[in-house]
Each structure stands twice: as structure tokens, then as C-alpha cells.
Amino acid sequence: MKTQQRASELSGKTDSNTAMLRLERNNQNLSFLREKLSSYVCEPRTLNLYERKEMLKDRLEGMCSSNQELINSMKKSAMLFTDPMEIIREQRQALLELEQNVLDYIGLAKVH
């Protein structure tokens with residue numbers, strides 16, 4: 001009985017550690033995307049591109065804030081996660097979508 005309880009506790013810690021690592025990697029990816037979007041190559045030349053770049057910058061900032069809040073909550077253990085990996089999957093999916101949007105914008109900015 002104690003062995004199962006101990007294994008359950010270790011599994012919870014491992015999930016939490018894995019979640020923390022993934023969130024920190026997401027932060028690195030977000031920083032990379034921010035740098036790419038700030039590149040002189042990505043300067044908008046049309047109103048449409050300007051509006052799109054501003055929208056992407058806002059989404060990046062929002063995701064950075066959300067990601068940092070999750071990291072801080074997990075470090076403080078103030079937030080009890082029923083399934084931390086589910087939250088990370090959602091965060092990762094949003095990051096992949098945002099990354100694709102940034103890459104699409106970069107492609108458009110280079111063409112114009």
C-alpha cells in the first residue's frame with residue numbers, strides 16, 4: 001500500500017517537473033518568435049501587414065504572460081493541477097498555431 005502511494009507521489013512530481021520543463025521550453029520558443037517578428041525583414045509595408053503584425057505581437061505578449069503565470073503558479077504550488085499535462089498540451093497547441101501565423105506573416109512581409 002505504501003509503495004503504491006509513494007509511486008503515485010513520484011508520478012505527480014514527475015508530471016509536474018515535465019510540465020515545468022515544457023513551459024520553460026515554450027518560453028524559449030516565444031522569445032525566438034518575438035525576435036523573428038522584431039527583425040527588420042518583417043517590417044510591414046502595408047496597412048494589412050501592420051495590423052497583422054500588431055495582432056501577432058499582442059498574442060505573443062499574452063501567451064508569454066500566461067506561460068509565465070503558469071510557471072510561477074507551479075513553482076509556488078499555489079495552483080493544483082488535476083492534469084498538468086493537459087494544460088501544457090493546450091498551451092503547446094496555441095504556441096504551434098501562433099508560430100505558424102508568425103511564419104506566414106514573415107513570408108508575406110518578405111514578398112511585399
From Arg59, Met55, Glu54, residue fulfilling side-chain contact (heavy atoms from CB on, under 4.5 Å) relative to Lys57:
Glu54
Between atom CG of Leu23 and atom CG of Leu70, what is the distance when rounded to the nearest 0.5 Å?
5.5 Å
Which atom pairs, one a donor and one an acceptor, fall under 3.5 Å between side chains of residues 99-111 and the rest of the protein, sequence neighbours left out?
from, atom 1, to, atom 2, distance (Å)
Gln100, NE2, Asp104, OD1, 2.9
Asn101, ND2, Glu97, O, 3.4
Tyr105, OH, Cys42, O, 2.6

CZ on Arg22 to CG on Asn17, rounded to 0.5 Å
12.5 Å
Report yes if some heavy atom in the side chain of Ser66 is under 4.5 Å from a heavy atom in the side chain of Gln91; otherwise report no.
yes
Measuring only between side-chain heavy atoms, which start at C-beta, is Gln93 closer than 4.5 Å to Glu90?
no
Residues joined to Leu96 in its hydrophobic cluster, side chain to side chain under 4.5 Å directly or through other members, sorted by chain and number, are none
Those residues that, when tested against Glu51, pass salt bridge (charged side-chain N to carboxylate O under 4.0 Å, His left out) (two or more places apart)
none
Treat each ILVMFWY residue as a node, draw an edge where side-chain heavy atoms are under 4.5 Å apart, and state whether Leu98 and Leu49 are in one component.
yes
According to the salt bridge (Lys or Arg N to Asp or Glu O under 4.0 Å) rule, which pairs have a member within residues 28-44, sequence neighbours left out?
Arg34-Glu61, Glu43-Lys53
Mind checking whether Leu95 and Leu33 have side chains closer than 4.5 Å, heavy atoms only?
yes
Would you call Ile71 and Gln68 a side-chain contact if the rule is heavy atoms closer than 4.5 Å?
yes
Give a yes or no answer on whether the side chain of Ser73 reaches the backbone of Glu69 with a donor-acceptor pair at less than 3.5 Å.
yes
Which residues satisfy the side chain to side chain donor-acceptor pair (under 3.5 Å) test with Asn26, sequence neighbours excluded?
none
Only counting residues at least two apart or in another chain, list the ones meeting salt bridge (charged side-chain N to carboxylate O under 4.0 Å, His left out) with Glu24.
none
